[in-house]
Amino acid sequence: QVRLVESGGGSVQSGGSLRLSCVASGNTVTNNCMGWFRRAPGKAREGVAAINTAGSTTYADSVKGRFTISRDNAKNTLYLQMNSLKSEDTAMYYCVTSWGWVDACTPRETNFGFWGQGTQVTVSS
């Protein structure tokens with residue numbers, strides 16, 4: 001199994017920045033696809049971004065140009081740099097990773113087999 005631990009959430013003003021981190025441990029040999037999801041009050045869970053081992057990325061339209069997903073493969077660590085934050089970005093953010101090889105690494109729920117517990121991001125207007 002794989003354990004995912006998120007950190008870096010907090011409260012910021014609109015227009016500010018945060019960087020989320022996620023450390024994966026356990027059997028991470030096939031976690032070629034990792035990503036971030038979020039769930040905001042009154043909204044359904046949304047795929048935010050995904051990245052494969054080679055560094056190819058995919059973003060939701062709502063965050064494109066503002067968020068950057070990256071990973072340190074040697075450390076099994078995933079990051080989400082969030083800039084120009086808006087009130088609409090307020091949500092619980094979850095780190096996810098594949099439990100098998102994924103060819104098309106996009107932020108689709110079916111790509112991922114392990115989920116973290118989440119870290120809260122709150123953006124004040």
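Any value given below was found using the heavy atoms of this structure, including those in side chains, with hydrogens, waters and symmetry copies removed.
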Residues in side-chain hydrogen bond (donor to acceptor under 3.5 Å, both in side chains) contact with Arg19, at least two apart in sequence or another chain: none

Residues in salt bridge (charged side-chain N to carboxylate O under 4.0 Å, His left out) contact with Arg108, at least two apart in sequence or another chain: none

N/O donor-acceptor pair under 3.5 Å between Glu6 side chain and Cys95 backbone: yes

So, the side chain of Thr122 versus the backbone of Ser11: is there a donor-acceptor pair under 3.5 Å, distance only? no

Could you tell me whether the side chain of Cys105 reaches within less than 4.5 Å of the side chain of Ile51, counting heavy atoms only? no

Contacts under 3.5 angstrom, residues 74-85 side chains, donor-acceptor by atom type, not counting sequence neighbours:
from  : atom 1 : to    : atom 2 : distance (Å)
Asn76 : ND2    : Thr28 : OG1    : 3.1
Thr77 : OG1    : Lys75 : O      : 3.0
Gln81 : NE2    : Asn83 : OD1    : 3.0
Asn83 : OD1    : Ser17 : OG     : 2.8

Less than 4.5 Å apart, any side-chain heavy atom of Thr58 and any of Pro107? yes

Between Val96 and Val63, is there shared hydrophobic-cluster membership here, with clusters defined by ILVMFWY side-chain heavy atoms closer than 4.5 Å? no

How would you list all residue pairs meeting ring-ring contact (aromatic ring centres under 6.0 Å, His included) that involve residues 83-111, not counting sequence neighbours? Trp99-Phe114

Is the shortest distance from a Lys or Arg side-chain nitrogen in Lys86 or Asp89 to a carboxylate oxygen in the other one below 4.0 Å? no

Should Asn73 and Arg71 count as side-chain neighbours, where that means a heavy-atom distance under 4.5 Å? yes

With side chain to side chain contact (heavy atoms under 4.5 Å, CB included) as the test, would you mind laying out the steps for Glu109 and Arg45 before giving the verdict? CA-CA 9 Å; Glu109 187 170 324; Arg45 186 164 56 197; 2.7 Å; yes

By side-chain contact (heavy atoms from CB on, under 4.5 Å), Ser25 pairs with (sequence neighbours left out) Arg3

Closest non-hydrogen contact found for Thr57 with Ile69 is CG2-CG2, 3.5 Å

Is any side-chain heavy atom of Val121 closer than 4.5 Å to one of Leu20? yes

Tell me the closest heavy-atom pair linking Ala49 and Tyr59, and the distance in Å. CB-CD2, 3.6 Å

Contact check, side chains of Trp36 and Phe67, non-hydrogen atoms, under 4.5 Å: no

If we ignore hydrogens and angles and just use 3.5 Å, is the side chain of Thr90 paired with the main-chain N or O of Val123 as donor and acceptor? yes

Can you name the residues that form a side-chain hydrogen bond (donor to acceptor under 3.5 Å, both in side chains) with Gln117, not counting sequence neighbours? none

Rounded to the nearest 0.5 Å, what separation is found between the CG atom of Asp103 and the CG atom of Asn52? 10.0 Å

If you compare all heavy atoms of Gln13 against all heavy atoms of Ser125, which two are closest, and at what distance to 0.1 Å? OE1-O, 3.9 Å

Closest non-hydrogen atom pair between Phe112 and Ala50, with its separation: CZ-CB, 4.3 Å

Can you see whether Glu88 engages Ser62 through a side-chain donor-acceptor pair at a distance of less than 3.5 angstrom? no

For the residue pair Ala24 and Val2, what are the closest heavy atoms and their distance? CB-CG1, 4.2 Å

Is there a side-chain contact between Leu4 and Val23 in this structure, where contact means two heavy atoms from C-beta onward sitting under 4.5 Å apart? no

4.5 Å side-chain heavy-atom contact, Asn111 and Thr106: yes

